[in-house]
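None of the values given here were measured: they were computed from a predicted structure. Lettering of chains follows the sequences in order, A, B, ..., and the numbering in each one begins at 1.
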Amino acid sequence: MSTPQLYQRRFFRLKNEIRFYIGLLVLQFLSVGILYFLAYVDNLNMINNGYVGKQSITFKIAKADTPLQLPDQDYLLMQYNSIRPSVKTVYLNGDVKLPPLKNQNKIIDELQSRALTSNLAIIGKQVDPQEVPTGYVLSGQFDVPKHYQLSNDQWLLPSSNELSLADGDMFVLSAPNSKVEGLVRTLANNNSVEIIHTEYKGTYALLSNQLLILLFWGGLIFASFVVLVASLYWLKQERAFIRICYEHGFALWKVYSHIFLYKLTPYLMVSFFTLLVWTSMLQKFVPVWSRHWQIESWYLIGTFNLVLILLTFFTSIWYGSGQRRKY
Amino acid sequence: MKIVYLLWKNNRGFHMLHICLATIFCFLLILMAMNIFQSQVELKATASFKGKNLYQLADSLYNEKEQQFFQKKDSYDILKGFGDYLEQEDRFQYAVVNWQPTQVMDFKGNEVFAAYYELGEQVKTQNFSKSTYSEVKALQMNQGAFEVFQVRLSSGDSFQASDYIYTSSKDQIPLILGAALEPYYNLGDTLSLRLYNKAITGKVIGFAAPSQTVITARSYDTLLDRYIMMPALTFNEITPSLLQGQNDSPFLRASLYSRINGFMFTSAEPQEMRSIMSEISGKTNFYDYSIIGADGGILGMLIQVTDQNRDLLYWTVAIALVVILSLYLWTLSMHIRNNQKTYAVLLISGYRMQHIPRLIAIQTAISILLGSVLPVLLFSLFWKEAWVLLLSYIMLVLLVTVLLTGIIYFSSRRTLDRTDIIQQLKG
C-alpha cells in the first residue's frame, strides 16, 4: 500500500458506515429531544406556578435611591405589592413566550403595535373584568382553565417603561436566555435587593413531577453512555485497517487524519447540520419559555463529537501499538 | 458457564461497559417504578374530594355582633356545641385548616418560616419575660383535615383523638412539623409557643412528608413544608377556670372560633347544604355564620392539575421505556455482530450452532442481573419502608430480563442462521 492509495476513500464505504451514522444521529435527536422535553415540562410547571419558573428570581427592593433600570436582554418582569399580590404590573422585552391566552395572536399584535397611550390588561377567568384599574384596556384572558394561580391573576402591561416602587416593591424576574442574577443586578442599579426563596406550587410541588425530571436526566446519561459504547464498537471495526497501516510504516498522524477525514468528517457535518435544523424547528413550531435548552444541546452534541474525535485518536494508538495483536 | 467466564475474560472492557449500561438501565427502571408509585399516592390524595363541592364556613361574630353574642350566658357552650356537631355530621366531611401564625421561643429555623416571608416581610420578634419569640407559619388542623387531604408523615406519629382535646391540666400539645423544618428539629423536641397570647409547650411527634398541599382560607394551595401543624383544639367542657383565663388571653374564644371556620366537602348542592346547615343551627342554637364559595371550581382545578400531571407522566414513562429498551437492544446487537468471529472459533472447537444463541442469552441475562444490584442497594438506603416498590422493581427487572433475553435469543438464532459461518471462517 502506498501513500496515494491511503488517500483514497475506498477503505471506508458509506454502506458499511451508514448504520452507525444513522444510529448516532438518532441518539443525537433523542438527547436534544430530552433537553427540549425538560424545558417543555418546566414550561407546564411554570404555568401552574403562576408563570414563575425554577430559574425565576423573586426579590424585594424596599427603597430606591437610584432609579431602577430595565435590562436590554429578553425578560419578563412582574411587579406587585404584598397587599394585592394577584395584581401584577408586567414588563416584557424581546422575544418572550406569554402564557396561553385566548386570541393569542391578536394580543401579541396589540403588544407590538401599541400606541404610547394604551395600557393593556390581561386577566384570569376568576377575575371580574370590572376590577381592571382605570387607564388599562382589557385586552385578553388567560386560557388556563386548569390553573389556579393564573386564573386569579391580573396582568397590567403599561406602555411606558418607567419602573416606580409605587406599583409595588416585590418583583419576579424571569429570562428565557440569559442568567437571571445578572439581570437582577442591572435592574437594581446598586439599590439593595432582598432575594426571596419562594415556594414552588402547582405541579412543581408534586413529587412525581420531580421524579419525572430526574428520570429524564437519567435517560440523558443513558443515551450518552450508549453513544460512547456505539462509538467504541464503530471504531473497533477499523482495528485491522489500523494494524495494516502501521505494518506498512504509516505514521500515527497519517492514519488518524485518514480515519478522521473519511470516517468522521461526513458524520460531523451531518450532525452539525441536523442539530441546527432540529433545535430551531422545535422552538419554531412548539415554542417553550426557556431557550437555555438550545445552548445546552449545542454543548451536549459538541461534547459527544469531541469525545468521538478523541476516541478515534486513542483507538488509532491502541490498535496500532505492538502489544495488541488480537483482532 | 466456564465459556461465559472465558469470553468475559477475553473481552473485559466491553463487558464492563455492558454492565455499566445495564446499571444505568436498571436505575431508570427503578425511577419509573417510583414515579408510577408516587403518582398513585398523589391521586389518592385528590381522590377523596373528587366529584365533591367545597363550602367554606365563616362566622360573622365581630364588633357589636360579637359583644351581643357573648352577653348570653351559655355563649361559649353554644360555640363549642356547634363545632362538635360539625365534626360529627356525616353528610359532609368537615376539615379545619386554620392559618394562624404562632410565636415560638428561640426558633431555630431561618427566615423562610416567618409568617409573611413570601410577601417580603422579615421575621417579627417579640419579647416576653426576657425570651424572644418569633412569629412563624402554623396551621391548626382537625382530624377531618388529615383525612381529606391524606396528609402523610415521613417519620413519627399522627395526632390521636385525645390530642385535640384541651384541658387546663394539660401543659403540652403535640406538633407535626413540615418537611423543611426537619433539619432544625428532632422528634421529641419541645418548643415553647405562645398561642393566642397563651404560653403553651409543643412537643414534636412527627414530620410531614415533603410536597403536600392543603386548602386554607388564605391560599387554595398551601404547601405544608414550611408549616408547624398543631391540633385544632377543642374542650371537653367549658370550665370556670377556662372562662377566667379569658381575661389574660383570647385563647378560649379564638380556639372555639377556629373550629367553626372550616371547609366542608360534600356532594350536596348549595340548596341542600343550606337546609342541612339550618337543621344544625336549629339543634345547636347558633346562627351567626355564612357559607361561602359554593362552587366546585377550585376543587376541579386541583384535581385536573394532578390528573394532567399523571397523564403526562404515564405517557412519557411508557415512551421512555420503549426507547430505552430499544437503545439497550441496539447495543446488545452491536455486541453480537462484533463477536461473530469469536462464535466462528467456538464452532470450530466443537460447539454446536444451537449452543451459541443460548450462550449469548445467558451473557445478556447475567449483565442485566449484575446491573440491577447497585440500584437496589442505593435505593434501600434511602427508601426504607416501601417494600411494595421494591417488589415491583424486582418483578420489573425479572420481566425485562426475560423479555430481552428472549428477544436476543431468537434474533441471534435468526442472524446466525442467515450468516454463512463457513464463509466467515474461510476469511
Below 4.5 Å from any heavy atom of chain A, which atoms of [X] appear? Answer side chain, backbone, both or neither.
X	answer
B/Gln40	neither
B/Phe27	neither
B/Val41	neither
B/His18	side chain
B/Gln212	neither
B/Arg310	neither
B/Glu118	both

Counting only heavy atoms closer than 4.5 Å, note whether [X] contacts chain B via side chain, backbone, both or neither.
X	result
A/Glu194	side chain
A/Asn209	both
A/Ile47	neither
A/Thr58	neither

For A/Trp217 and A/Phe222: C-alpha separation, side-chain torsions, deciding distance, then whether ring-ring contact (aromatic ring centres under 6.0 Å, His included) applies.
CA-CA 9 Å; A/Trp217 281 112; A/Phe222 184 75; over 10 Å; no
Which residue out of [options] racks up the most heavy-atom pairs below 4.5 Å with chain B?
options	result
A/Gly202, A/Pro85, A/Ala62, A/Ser82	A/Ser82
A/Asn45, A/Leu27, A/Val26, A/Leu44	A/Leu27
A/Leu232, A/Ile221, A/Asn152, A/Ile83	A/Leu232
A/Leu206, A/Val226, A/Asn81, A/Ile34	A/Leu206

Relative to chain A, which of B/Glu42, B/Gln304, B/Met32 shows the most heavy atom pairs under 4.5 Å?
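Highest number of heavy-atom pairs under 4.5 Å: B/Glu42.
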Most contacts with chain A, counted as non-hydrogen pairs under 4.5 angstrom, among B/Thr331, B/Asp221, B/Leu17
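Most pairs with chain A among the choices: B/Asp221.
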Is the A/Trp278 ring parallel, tilted or perpendicular to the A/Phe29 ring (thresholds 30°, 60°)?
perpendicular
Check whether the ring centres of [X] and [Y] lie less than 6.0 Å apart, and answer yes or no.
X	Y	result
A/Phe216	A/Phe37	yes
A/Tyr233	B/Phe14	yes
B/Tyr116	B/Trp99	yes
B/Phe113	B/Tyr184	yes

A/Phe171 and side chain to side chain contact (heavy atoms under 4.5 Å, CB included): which single residue from A/Lys60, A/Gln79, A/Met78 fits?
A/Gln79
Working to the nearest 0.5 Å, report the span between CG of A/Leu163 and CG of A/Leu187.
6.0 Å
Between CG on residue B/Leu327 and CZ on residue B/Phe25, distance to nearest 0.5 Å
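The distance works out to 10.0 Å.
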Within the distance-only criterion (no hydrogens, no angle test), does the side chain of A/Lys54 pair as donor or acceptor with the backbone N or O of A/Asp42 below 3.5 angstrom?
no
Please tell me whether B/Gln150 and B/Lys44 have a donor and an acceptor in their side chains that are separated by less than 3.5 angstrom.
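B/Gln150 vs B/Lys44: no donor-acceptor pair found between side chains.
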